[in-house]
Amino acid sequence: MYNDKVMDHFMNPRNVGVIENPSGVGEVGNVSCGDIMKIYLLIDDNDVIVDIKFKTFGCGSAIASSSIATVMIKGKTVSEALKLTNKDVLDELGGLPAVKIHCSVLAEQALKAAVLDYANKTGKHYPELDGFEPDDGHDDHGLVQIEF
Amino acid sequence: MYNDKVMDHFMNPRNVGVIENPSGVGEVGNVSCGDIMKIYLLIDDNDVIVDIKFKTFGCGSAIASSSIATVMIKGKTVSEALKLTNKDVLDELGGLPAVKIHCSVLAEQALKAAVLDYANKTGKHYPELDGFEPDDGHDDHGLVQIEF
Amino acid sequence: MKRIYLDYSATTPVKKEILEEMLPYFTEKFGNPSSIHKFGRDAKAKVNEAREKVAKLIGANVNEIYFTAGGTESDNWALKATAYDMRNRNKKNHIITSKIEHHAILHTCEVLEKDGFEVTYLDVDKYGSINLEDLKNSIKENTFMISIMFVNNEIGTIQPVKEIGKIAKENGILFHTDAVQAVGNVHIDVNDLNIDMLSMSSHKIYGPKGVGALFVRKGTRITPFIHGGAQEKQRRAGTENVPSIIGFGKAAEIALENLDMHIDKLTYLREKLKDGIMNNVSHVIYNGHPEKRHPGNVNLCFQFIEGEAMLLSLDIVGVAASSGSACTSGSLDPSHVLMALGLGHEYTNGSLRLTVGDFTTEEDIDYVLEKMPVIIDRLRQMSPLYEQIEGGNN
Amino acid sequence: MKRIYLDYSATTPVKKEILEEMLPYFTEKFGNPSSIHKFGRDAKAKVNEAREKVAKLIGANVNEIYFTAGGTESDNWALKATAYDMRNRNKKNHIITSKIEHHAILHTCEVLEKDGFEVTYLDVDKYGSINLEDLKNSIKENTFMISIMFVNNEIGTIQPVKEIGKIAKENGILFHTDAVQAVGNVHIDVNDLNIDMLSMSSHKIYGPKGVGALFVRKGTRITPFIHGGAQEKQRRAGTENVPSIIGFGKAAEIALENLDMHIDKLTYLREKLKDGIMNNVSHVIYNGHPEKRHPGNVNLCFQFIEGEAMLLSLDIVGVAASSGSACTSGSLDPSHVLMALGLGHEYTNGSLRLTVGDFTTEEDIDYVLEKMPVIIDRLRQMSPLYEQIEGGNN
Ligand SMILES: Cc1ncc(COP(=O)(O)O)c(C=O)c1O
Ligand SMILES: Cc1ncc(COP(=O)(O)O)c(C=O)c1O
C-alpha cells in the first residue's frame, strides 16, 4: 500500500514536536475530516525558517506527508517554502495511494496557516497568501467504502 | 442416480426381442416424447402370458422399467397382468429419480396396448381396458433443464 | 517476524482438515454435479452431503439450503428477489432494516429505494441494539420484510433475533437475517427463532472464500436472482463450486461440533484482550453490547488518534487488525455503525476492531497487550489533539 | 477401471500447477484483500496479478477485468445491469441474441422480456451460425445490445464474432459475447474483435469452479449487479474469492502459453474421434460447423437410440460424456440448440457430446472407438425403431 519512504516517515517522523516561542503557528483540518496538522515555525531575521515542528492527527499518509514536508521546508526562506505544493510532497514521498492524495494537501495548508500567523504578528505581507483561507476544508476524499 | 437393480436391468435387460407369431403386439410412446416401448405377447388358451418380449427406445429408466415389467408379467394371466401399475414397476425397481417416474408408466401402457391388440384379434373383452386410449401420450415430464 | 492475526471477522484461514476434504475435488473428482456420469454423480453426492452439514448448523432442513457465492450474494438475493416478487404479486413494497447493517444490505436497500421501494432504517441504542417497540411501530400495511442482522460485523452486538422473529410472524412479515457473523459464533435454530431467510458465508467460519448459502424456509417463495441452468433446484444458476461447497460443509460440521468450546475460548481471550487494553490505556471506549456480543469481538475507540495509523503501527509489529475510521477506507465518512451509536468524530476516527479466533493464543494476547500502549502513546505524542488535554487530564 | 473423461466442455480438472498456486492462499496467506494489514495487502497484490493474466488472455487491459463467481453471473450481470441502465437513461430496450445461447443468456433474456424488454432471438443455419444479414435487419432504433456467444457449448460452432463486432460498432450498439467456451480454446483479442463485454469462466480452462470474470471495455458503463462492499472498483461486491481468482489467473497464463499447442492437439484428437465413429457406425450425423468449431468438440446424433442410454452405457465402460437428449435432463424438450439446427426428434433424442481436452490421450480415443460401435449396436438391437429399418437399410 505505502512505499518504504512513506513507511519510514510514518514510523520515524522528522521534526515532531513543539517550538516553545514560535514565530508562527498554524493548524488546519478538523477531527471530522479525519486529519489535523499543526505546524510551529521559527523564522530568523533573514526570513529563513530555521526550525519547524509539527503535530498531526491523522492516518499514515497524513503523518508521513507532515514529516517529509517539514524536512523540505526547513532551511528555506518563507517565500521559497510557500512555493511548496502538495505535488512536491507527493513526489518527494514517491507517491501515495489515490484515495490518500488529499493528505498531501494538509502540509501545504498548515504551512500557509503558520506563515499567516507570523505575517499577522509581524505585519509582513506575503503575496503567496493572498486569498488563502485557513479554514478551507479539504473534502476531496474519494468515495471508496470497504467493510467486512 | 440409478440403483443397482435399475442398472442391472438396463445392462442386462430380460426378454428383449421379438415373438414371431405373437398373440398381441402393442407399441406406445413416440419419438418426440423421448421413449417408445413395443411389447409382444404370447398368450395360451388359459389366458396366461406364456411369453413376452419387448423393444424399447428410451433412456436407462425406460429400458430398465421395460425389462422388469416383462419379468413381472410373464406367467401371469392377462387379467392379473392388467392389474400391474407403474407404482408396482417402481417398487420392484426400488425407485427411480423423480424426473424419471414417467418412464415407469410406459410398460403399463404398452402392455395394455398389446392386450388390446389381442382382444381385438380374438374378440375378447377385458373390462380393465375400458377407456384405454393407446395413443395417450405421457407428457408428465418434469421441467428440469441442465446444460453446460 | 511472528504474525498475529486479530481480524477473524474480516476472514478466517481455512483449517487444514477442511482444505484436505476439498483437495480431491479439484483434481481427480472434478466432475460437474449436473453430469450424469460417475464424475458428475460423485460431485453431486458430496454437494448434498455438504448441504446437510450446513443445514444442521442452523437447525434447518437440507432442502432449505441454497448455495451461493458468498454472504453478499445471499443478501442481495434475499432482498431483491423477494422485493420484486412481492411488489408484483402482493403490491407490498416496504422493508424494515437497521442503520447498522452490512453494506450488502444497506446498498441493496438504497438501490431498491431508487426503484420505488420504501425502506425504514431502524436506529440503534448506544450498545447497537434495535428497539423492539420501534420495530413494531414501523410495521405498515405494505411491509413485506424485516431484515435485521444477527450479529454486527463491527461492534459484535447480537440483536434480539428471537423477539424480532416473533414480531415478524405475528404480523405475517418475512424475516430475513444476515447471519454472516453469527453462524459458527452463536447458537442458531431457525425454527426456534422464526427465521424465514438467513444469509451465511463460508470464509467467516474457517471455510473457503467465494461460497455461502441462503436458507429459505420451506414454503417461503423465492425466485431466482441469477438465471441460467437448473442448479440448486432451479433457484440459483451456475456450475456449483464443488470443492468450496464441500469445504463450507466441513467447516459447518466442525463449527457445530466445537461451538461451545469455541465460544468459551473466544470469550475468554476477548475479555482478556479488552480488559488488558482498558486497564492500561486512557481515553478509550469499548463499543457494542457488554455481554450480548460476538464472542471474539473487541471494538474500541481511542481518542486523539486515528485508526489507520494504529493499524499500520500494529502491522509493523506483526499484528493484523481492522478499523472503521474514514481514512482506512479512503471514504469521507467513518463507519456508519459507529456513527449510528451516536459517537462523534473524535471517537469514530480512532476506532479499532480486534477479533480473536480459533488460532489465537494467550501469548498472542499478551504480545498485543505489551505493544498496544506503546503504539497508542507514540501516536498520541504526535497528536495536536492530545497536546491540549495532556497536562490536565492525563 | 480406467476412467476416460470426454466431457471437458462441462468442466475441466484443475491442473496440478494451478492448484499449487492456490494452496497457500487458503491457509497461511488467507487475508481479505480489503484489509490494510500484511495479510490483506499480500492477497490484494496476488488478485491483481491474476487480473493481469486474465486480461492478457483476451488482449484486454488489467483495468477492464472484473472477477465474478462464474460464467453465469457474468452473463446475468452484463445483460441485466446494462438493460436497466439503458432503459432508464436512454429509453432503449431491445436486445438481439441467438436461439442457441446458453441458458444463462436465454433465461436472463426471458426474465427481461417479462419486465418489458424486447428480445430478438436470431435463427442459426444448419451449422449453427447466425446470419449476418439477419443480424443487421434486426437492429432497431431501440437496440442497445447484441449478445451472441463466441463458441457454442453443445455443437462447438464458432460465430463470426469479428463481423458481429463490426456491425455493432457501426450501429453504436454494445456487443457482449458469452465466451465461456471460447476462452482458452480460440484466439481472442477484444480490441481486434470490437467486443465491449465478454463473459468467461475459470472451470472450463483447468482453473477452479466458482470464479469467472466479466471484461468491460474501458469507457463502457457498467452498474453493479451485486451490491455491497467496495470490491472490484465498486462494481462487484463480496469478499474476493482469492485462491480461486489466483487459480483462474494461473489457468489463464497457462492457456495463453499453450494455446496453439492446445488447439493443434485437441483438433487432432477430435478429428480422430469423429472420423473413427463416423466410419464405423451408420445412421449418425455430425453436428456443428465442420471447421469453425471448438477444437475439442464432437457432437453427434445417433438415430434410433436415446442419449441417456448411450451415456450410461459409456459410463459403465468408464467413459464420461454428455448428451442434449430430453431424457438426460429430465426436461420435456431436447436441446434447444439441436432443435435450432432444424433437427427432428429422431435425431435430437440420440445426441451425444464428446469433448476432448488436455489430458486426453490417443489411447483414450482408441478405447472409445473400440467400445462405441458395440454400445450403439446393443442399444439399437433393443430399439423398436431400428427394427423397422434394419432389413432394408443396414
Ligand atoms: C455481516 C456481514 N454481512 C455480509 C458480509 C459479506 O459476506 P461475503 O464477504 O461472503 O460476501 C460480511 C462480510 O464480509 C459481513 O460481515
Ligand atoms: C457457453 C456457456 N455459458 C455460460 C456457462 C456458465 O458458466 P458457469 O458454469 O461458470 O456459471 C457455460 C457453462 O456452464 C457455458 O458453456
Side-chain angles (χ1 to χ4, degrees), chain C residues 3 5 7 10-14 16 19 23 26-28 30-32 34-40 69-73 75-76 102-105 107-108 110-111 201 203 208-211 226-230 237-244 308 311-312 314-315 319-323 328-329, chain D residues 3 5 7 10-14 16 19 23 26-28 30-32 34-40 69-73 75-76 102-105 107-108 110-111 201 203 208-211 226-230 237-244 308 311-312 314-315 319-323 328-329:
Chain C
R3 297 222 155 254
Y5 187 74
D7 203 8
T11 193
T12 57
V14 177
K16 286 256 149 50
L19 180 58
L23 286 181
F26 287 111
T27 45
E28 299 113 53
F30 61 90
N32 185 321
S34 299
S35 296
I36 263 189
H37 48 65
K38 178 145 175 60
F39 295 89
T72 300
E73 186 194 318
D75 283 344
N76 274 256
H102 190 270
H103 282 146
I105 295 290
H107 287 170
T108 299
E110 286 160 22
V111 169
S201 183
H203 74 100
K209 295 179 173 62
V211 61
I226 296 184
H227 295 88
T239 301
E240 298 88 339
N241 188 346
V242 180
S244 299
E308 193 221 61
L311 292 195
L312 287 177
L314 285 166
D315 190 51
V319 178
S322 166
S323 166
T328 313
S329 57
Chain D
R3 296 221 155 256
Y5 187 75
D7 203 10
T11 192
T12 57
V14 176
K16 286 256 150 48
L19 180 58
L23 285 180
F26 287 110
T27 46
E28 300 113 54
F30 61 90
N32 185 322
S34 298
S35 296
I36 262 188
H37 48 64
K38 180 151 174 56
F39 295 88
T72 300
E73 185 193 320
D75 283 345
N76 273 257
H102 190 271
H103 282 146
I105 296 291
H107 288 170
T108 299
E110 285 160 23
V111 169
S201 184
H203 74 99
K209 294 178 175 57
V211 60
I226 296 183
H227 295 88
T239 302
E240 298 88 338
N241 188 347
V242 180
S244 299
E308 193 221 63
L311 292 194
L312 287 177
L314 284 166
D315 190 49
V319 178
S322 165
S323 167
T328 313
S329 58

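Hydrogens, waters and symmetry mates play no part in the numbers below; they use all other heavy atoms, side chains included. Residue numbering restarts at 1 for every chain, and letters A, B, ... go by the order of the sequence lines.
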Report task. Show your reasoning for whether side-chain contact (heavy atoms from CB on, under 4.5 Å) applies to C:Ser201 and D:Thr239. Result -> CA-CA 10 Å; C:Ser201 183; D:Thr239 302; over 6 Å; no
Requested in this report: Walk me through it: do C:Asp7 and D:Asn32 pass the test side-chain contact (heavy atoms from CB on, under 4.5 Å)?
Outcome: CA-CA 9 Å; C:Asp7 203 8; D:Asn32 185 322; over 6 Å; no
**Report entry** Audit row: D:His227, C:Asn76, side-chain contact (heavy atoms from CB on, under 4.5 Å) steps and yes/no
**Finding:** CA-CA 7 Å; D:His227 295 88; C:Asn76 274 256; 3.8 Å; yes
Report task. Please lay out, stage by stage, how D:Thr11 and C:Val242 fare under the test side-chain contact (heavy atoms from CB on, under 4.5 Å). Result -> CA-CA 11 Å; D:Thr11 192; C:Val242 180; over 6 Å; no
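Put simply, CD1 on D:Ile36 and OG on C:Ser323 are 7.5 Å apart, with the number rounded to the nearest 0.5 Å. Note that CD1 of C:Ile226 and CD1 of D:Ile226 are 5.0 Å apart. Values are rounded to the nearest 0.5 Å.
Of all the listed residues (D:Lys16, D:Glu240, D:His203), the one sharing the greatest number of non-hydrogen pairs under 4.5 Å with chain C is D:His203. Looking only at heavy-atom pairs under 4.5 Å with chain D, the residue among C:Ala69, C:Gly70, C:Gly238 that has the most is C:Gly238.
With a 4.5 angstrom heavy-atom cutoff, D:Phe39 touches chain C only via side-chain atoms. In this structure, the portion of D:Val111 lying under 4.5 Å from any heavy atom of chain C is its side chain and not its backbone. Interface remark: D:Glu308 contributes side-chain atoms only to the contact with chain C (heavy atom separation under 4.5 Å). If you measure heavy-atom distances from C:Asn241 to chain D, the contacts under 4.5 Å come from both the backbone and the side chain. Only the backbone of D:Thr12 comes within contact range of chain C, judged by heavy atoms closer than 4.5 Å.
Aromatic pair C:His37/D:Tyr5: centroids less than 6.0 angstrom apart.
Residue D:Phe30 comes nearest to C:Lys209 through the heavy atom pair O-NZ, 2.6 Å, listed as atom of the first residue, atom of the second, then distance.
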